[in-house]
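Taking it in order: structure first as structure tokens, then the write-up.
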Amino acid sequence: MKIQFGLSFIFLTMISCVSDKKVPDPQELLRKELHTIDWTKVDEYPTIDACDSIKDKEENRLCFFNTVTLELKTKIKQDSLINQIKGLKEMNILVTVTKDSKVFFECEPKDSVRYNIRFLNTLIQNKNENFTPIQPALKRGIPVTTKFVLPISLE
């Protein structure tokens, strides 16, 4: 009886180890995974040290955009050449944060309707000097380059 039980146990163990499951193709799994990723959105927005302690994603995003807008507005308003341009009340600034934490500012083309875009860009581009360090956005834990437009009121 013990021998039959032992042989049955060994036989069942051997059968349970045999599996007819197919091993999935890694390329097919990668292709499926790449199609499920929304490439137009980031998992985590760029952030600055002042907002880093906020855990709620939406509050962190608002803190980041408000802080960057305020600092950029302050730097632009301090520029004496910008203040000499009459009629410029608002401008849209294209902000680029690279995956290496570098920040670039550029005036949006719609502002060039009334003003020389090259002149505005020259004034805006040096505003990234001594700008608050920005950590890049993350997609799947990997730093990515992001671009966004900030409306800056000069009044």
Side-chain angles (χ1 to χ4, degrees), residues 16-155:
S16 67
C17 291
V18 176
S19 175
D20 60 345
K21 293 182 183 177
K22 293 181 181 178
V23 176
D25 179 33
Q27 293 300 324
E28 182 65 22
L29 286 174
L30 177 62
R31 187 185 63 73
K32 285 181 182 178
E33 185 66 21
L34 288 175
H35 285 290
T36 61
I37 297 173
D38 183 0
W39 294 103
T40 62
K41 296 181 181 174
V42 294
D43 298 335
E44 293 180 36
Y45 286 93
T47 189
I48 57 175
D49 290 340
C51 303
D52 207 22
S53 61
I54 300 173
K55 297 300 178 201
D56 182 61
K57 280 178 116 175
E58 186 61 23
E59 286 180 30
N60 187 305
R61 184 183 73 79
L62 289 174
C63 175
F64 170 75
F65 283 115
N66 290 337
T67 306
V68 170
T69 301
L70 182 64
E71 184 174 347
L72 192 54
K73 180 179 179 176
T74 303
K75 286 182 179 259
I76 290 172
K77 286 181 100 176
Q78 289 174 349
D79 193 315
S80 61
L81 291 175
I82 286 278
N83 292 329
Q84 293 177 3
I85 300 175
K86 300 209 185 297
L88 183 61
K89 295 180 179 167
E90 185 177 288
M91 57 192 326
N92 290 328
I93 307 296
L94 175 66
V95 181
T96 303
V97 180
T98 68
K99 61 184 177 181
D100 301 326
S101 298
K102 293 180 181 151
V103 181
F104 300 100
F105 301 114
E106 188 177 343
C107 193
E108 274 288 278
K110 79 173 201 160
D111 295 325
S112 68
V113 173
R114 293 182 58 197
Y115 306 101
N116 184 338
I117 192 74
R118 288 185 184 164
F119 176 71
L120 290 175
N121 275 333
T122 302
L123 295 176
I124 300 298
Q125 287 172 353
N126 67 353
K127 302 302 177 216
N128 61 354
E129 293 175 16
N130 300 320
F131 203 81
T132 301
I134 298 177
Q135 290 86 35
L138 299 176
K139 183 70 175 177
R140 299 275 174 127
I142 299 170
V144 293
T145 298
T146 52
K147 293 182 179 188
F148 48 91
V149 176
L150 293 177
I152 305 294
S153 173
L154 300 175
E155 295 184 305

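Throughout, numbering of the chain's residues begins at 1 and tracks the sequence. No hydrogens, no waters, no symmetry mates; every other heavy atom, side chains included, goes into these values.
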For this session: Taking side-chain contact (heavy atoms from CB on, under 4.5 Å) as the test, write out the residues that go with D25, two or more places apart.
Result: Q27, E28

Exercise. Which value, rounded to the nearest 0.5 Å, describes the distance between F64 atom CZ and T69 atom OG1?
Worked result: 8.5 Å

Exercise. Sequence neighbours excluded, which residues qualify as side-chain contact (heavy atoms from CB on, under 4.5 Å) partners of K73?
Worked result: K77, I152, S153

Seminar exercise, completed: So disulfide (SG to SG under 2.5 Å) across residues 124-155, not counting sequence neighbours, yields none

Exercise. What residues, two or more places apart in sequence or in another chain, satisfy side-chain hydrogen bond (donor to acceptor under 3.5 Å, both in side chains) together with D49?
Worked result: Q135

For this session: For residues P143 and L138, determine if any side-chain heavy atom of one lies less than 4.5 Å from a side-chain heavy atom of the other.
Result: yes

Problem set entry | T132: side-chain hydrogen bond (donor to acceptor under 3.5 Å, both in side chains) partners, not counting sequence neighbours | E71

Problem set entry | Under the side-chain hydrogen bond (donor to acceptor under 3.5 Å, both in side chains) test, residues paired with E59 that sit two or more places apart | none

For this session: To the nearest 0.5 angstrom, please state how far the CD1 atom of I54 sits from the CG atom of D56.
Result: 8.5 Å

Exercise. With sequence neighbours left out, what residues match T67 under side-chain contact (heavy atoms from CB on, under 4.5 Å)?
Worked result: I48, C51, C63

Residues 144-151 side chain polar contacts: donor-acceptor under 3.5 Å, at least two apart:
residue: T145; atom: OG1; partner: K99; partner atom: N; Å: 3.1

Exercise. Pick one: which of T47, T98, V68 meets side-chain contact (heavy atoms from CB on, under 4.5 Å) with I134?
Worked result: V68

Exercise. What residue pairs, at least two apart or across chains, pass disulfide (SG to SG under 2.5 Å) with a residue in residues 126-155?
Worked result: none

For this session: With sequence neighbours excluded, tell me which residues meet side-chain contact (heavy atoms from CB on, under 4.5 Å) with F105.
Result: L72, I93, V95, V103, I124, K127, N128, F131

Exercise. In Å and rounded to the nearest 0.5 Å, what is the CG to NZ distance from L62 to K57?
Worked result: 13.5 Å

